Amino acid sequence: MGALPELDLSADVLTLTRALVDAPSVSGTEEPLADAVEVALRAVGGLEVERVGNSVLARTNLGLPSRIVLAGHLDTVPIADNVPSELRAVDGAERLYGCGTSDMKSGDAVMLRLAGRFGVPGAEPAHDLTFVFYDNEEVESVKNGLGRVAREKRGWLYGDLAILMEPTDGEIEAGCQGTLRARLETKGRRAHSARSWLGINAIHGLTGAVTALAAYRPREVEIDGCTYREGLNAVGISGGVAGNVIPDEAALTVNFRYAPDRDEDAAEAHVRDVFAEAIADGASFTVTDSAGGALPGLAEPAAAAFVAAVGRPARAKLGWTDVARFAAFGIPAVNYGPGDPTLAHTREEHVLVDRLQPAEDALIAYLSGSSA
Ligand SMILES: [Zn+2]
């Protein structure tokens, strides 16, 4: 321990993934790995390298008319007895087990391979390239390294397309949905339940809101050929004082996952609208958490060319991801990575070894312009 992990960018993508996984980097402890990534990127020779906290940025400056940004987080969730990595064959398919194999050191390894290939002096990529390796993605969003880069070095994030290498099973997942959490609170009047007519029941006051949710018909929205499925759901309900008291307070917590054709204000207005009756009757409505979505932007030429290079249609990203941070600057952004999103954060986390090389190859084809 203590020695800097060594990252050999000329090693194959599996070897590089293993080297990254075997250098633990739980959120908040990324520094040694960030140091190793910085050392490796500086050694490439043709890259401008910058450090922002434990995020490492690198880019080519070839004066090309377009720029592609590749981004990946270096941190993982806490290790679950699954480091170092382990190669195992299951049902005839090789799997690499370990914390971060899917989410998302296999994606980082692909990025490092690309930096090593296209960042050397004399390389001729079809686009200028920016690589963003950032810290603290798996924790509270105020710590997010990409957010810090956006605040302190925003110019580094500009490009014609951003590719976030989060696990997507090798499919392109475009844009992302927005998410809003809100609390609806009703007030009543406390009374002894033996003389309930003297009170006003705050829990009963939520009836209309709960009924509206149960009857709610969410939209399915098609944008650029991707179908975004919305959902508005109660995720919590609280109230009650004692078994013999008419409660004077109750609260309903809802989560709205919405298609990126709505912005944050429109999403809030919509939820308020669903609860219009309760609000008119005096319930208070408070947004507790909100993050806007990202439009897929697949009509942009740089994005369309990437879809063509991967050779399969893009699908909608239903969860919220950091692509929204790029979308906020008007940059089309997609998720694309070799990992399996359903294995992220699990003890059994692994990546299928035969997903790694195709991801690298598709990006080489796209970035060298040979797929156009
Ligand atoms: Zn991730």
Side-chain angles (χ1 to χ4, degrees), residues 13 16-30 33-34 37 53-57 69-80 82-83 85 95-114 131-150 157 162-179 257 291 293-294 315-327 333-352 355-356 359-360 363:
V13 63
L16 210 42
T17 301
R18 295 198 77 166
L20 291 170
V21 173
D22 295 344
S25 56
V26 176
S27 310
T29 68
E30 301 91 335
L33 183 56
V37 167
N54 283 326
S55 296
V56 188
L57 316 174
V69 183
L70 294 125
H73 60 83
L74 291 173
D75 61 319
T76 69
V77 294
I79 292 162
N82 53 356
V83 167
S85 60
R95 299 175 174 185
L96 181 69
Y97 282 82
C99 184
T101 46
S102 261
D103 184 14
M104 55 169 283
K105 289 181 169 178
S106 50
D108 295 329
V110 170
M111 286 170 59
L112 286 170
R113 290 280 303 157
L114 297 168
F131 299 91
V132 181
F133 297 89
Y134 62 103
D135 62 318
N136 279 309
E137 190 272 347
E138 300 285 9
V139 287
E140 315 90 272
S141 110
V142 290
K143 293 185 178 169
N144 186 294
L146 190 61
R148 181 169 168 189
V149 173
L157 299 186
I163 301 171
L164 190 64
M165 300 216 54
E166 286 279 10
T168 64
D169 242 339
E171 303 292 340
I172 295 178
E173 296 189 336
C176 76
Q177 299 214 118
T179 176
R257 298 288 178 148
R315 63 189 186 199
K317 183 72 178 178
L318 301 180
W320 191 90
T321 77
D322 275 327
V323 293
R325 297 181 196 273
F326 289 101
V334 299
N335 305 273
Y336 174 74
D340 180 340
T342 65
L343 296 169
H345 307 188
T346 67
R347 233 169 235 284
E348 305 71 38
E349 181 173 358
H350 59 267
V351 65
L352 291 172
R355 291 288 161 81
L356 299 177
E360 182 184 345
L363 281 160

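Model, not experiment: these values are computed from the prediction. Remember, it's 1-based here, ligands and their atoms both numbered in the order they're listed.
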*Asks:* So among Leu157, Leu164, Asn144, which one has a side chain to side chain contact (heavy atoms under 4.5 Å, CB included) with Arg325?
*Replies:* Asn144
*Asks:* Closest to the Zn ion (ligand 1), which N/O/S atom of Asp103 is it?
*Replies:* OD1
*Asks:* Only N/O/S atoms count here: what is the atom of His73 closest to the Zn ion (ligand 1) called?
*Replies:* NE2
*Asks:* Tyr134 versus Asp75: any side-chain heavy-atom pair under 4.5 Å?
*Replies:* no
*Asks:* Please give the atom name: the N, O or S atom of Glu166 nearest to the Zn ion (ligand 1).
*Replies:* OE1
*Asks:* If the cut-off is 2.8 Å, does any N/O/S atom of Glu137 fall short of it from the Zn ion (ligand 1)?
*Replies:* no
*Asks:* Consider only side-chain N and O atoms of Thr168 and Lys317, and report whether a donor and an acceptor are under 3.5 Å apart.
*Replies:* no
*Asks:* Do you know which of Asp103, Asp322, Asp135 makes side chain to side chain donor-acceptor pair (under 3.5 Å) with His73?
*Replies:* Asp103
